[in-house]
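Please read the structure below before turning to the comments.
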Amino acid sequence: QVQPVESGGGSVQAGGSLRLSCTAPGFTSNTCGIDWFRQAAGKQREWVSRMSPDGSTSYAGYVKGRFPLSNDKAKDTVYLQMNSLQPEDAAMYSCYTGGTGACRAWGRGTQVTVSS
């Protein structure tokens with residue numbers, strides 16, 4: 001089982017930045033994609049972005065270039081750089097190892113808070 005662990009959340013003011021990390025040992029060897037999701041209190045979980053096994057990326061429309069993905073395969077880590085954060089971005093951010101075999105596991109999430 002490829003179990004991801006998130007880190008990097010915190011509290012920032014509107015317009016600030018955070019970089020979230022999703023570390024999932026073995027995700028490359030098991031050909032897992034990494035998806036980021038977020039869920040605000042009282043709201044449904046929504047998809048943010050995906051790093052596919054081949055390194056290609058895709059993003060939700062509301063991201064609009066603010067949240068680029070990158071990776072470091074040597075560290076088994078995918079990064080979500082979050083820029084120009086707004087209050088509506090506040091949520092619990094979780095990553096998911098999507099795919100087959102040992103993939104399909106959720107991290108426990110990291111909290112992002114944005115104040116006006």
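These numbers come from a predicted model, not from an experiment.
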- prompt: Looking at residues at least two apart in the chain, or sitting in another chain, which of them share a side-chain hydrogen bond (donor to acceptor under 3.5 Å, both in side chains) with S17?
  reply: N83
query: Excluding sequence neighbours, so at least two apart, what forms side-chain hydrogen bond (donor to acceptor under 3.5 Å, both in side chains) with Q3?
result: none
Show me the donor-acceptor pairs within less than 3.5 Å that the side chains of residues 19-33 make with the rest of the protein, sequence neighbours left out.
{"from": "T23", "atom 1": "OG1", "to": "T77", "atom 2": "OG1", "distance (Å)": "2.9"}
{"from": "S29", "atom 1": "OG", "to": "G26", "atom 2": "O", "distance (Å)": "3.1"}
{"from": "N30", "atom 1": "ND2", "to": "G26", "atom 2": "O", "distance (Å)": "2.9"}

Kindly work out whether a path of hydrophobic side-chain contacts (I/L/V/M/F/W/Y, heavy atoms less than 4.5 Å apart) joins [X] to [Y].
{"X": "Y96", "Y": "L80", "result": "no"}
{"X": "V48", "Y": "V12", "result": "yes"}
{"X": "F37", "Y": "V63", "result": "no"}
{"X": "Y59", "Y": "M82", "result": "yes"}

From [X] atom [atom1] to [Y] atom [atom2], the distance as rounded to the nearest 0.5 Å:
{"X": "D35", "Y": "R50", "atom1": "CG", "atom2": "CZ", "result": "4.5 Å"}
{"X": "C95", "Y": "W36", "atom1": "SG", "atom2": "CH2", "result": "4.5 Å"}
{"X": "K73", "Y": "K75", "atom1": "NZ", "atom2": "NZ", "result": "15.5 Å"}

- prompt: Who are the side chain to side chain contact (heavy atoms under 4.5 Å, CB included) partners of D89, not counting sequence neighbours?
  reply: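 So D89 forms a side chain to side chain contact (heavy atoms under 4.5 Å, CB included) with R38, R66, F67, L85, Q86, Y93.
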- prompt: What pairs with S56 under side chain to side chain contact (heavy atoms under 4.5 Å, CB included), at least two apart in sequence or on another chain?
  reply: S52, D54
Sequence neighbours excluded and cut-off under 3.5 Å, please list the side-chain donor-acceptor pairs for residues 105-116, or say none.
{"from": "T110", "atom 1": "OG1", "to": "G9", "atom 2": "N", "distance (Å)": "3.0"}
{"from": "Q111", "atom 1": "NE2", "to": "A91", "atom 2": "O", "distance (Å)": "3.2"}

task: Kindly indicate whether the side chain of E6, heavy atoms from C-beta on, has any atom under 4.5 Å from the side chain of S94.
output: yes
- request: Kindly state each residue pair satisfying ring-ring contact (aromatic ring centres under 6.0 Å, His included) with at least one member in residues 72-92, sequence neighbours excluded.
  value: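 Pairs touching residues 72-92 that pass the test: none.
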Nearest heavy-atom neighbours spanning Y62 and W47: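 In terms of heavy atoms, the two residues are closest at OH-O, 2.9 Å.
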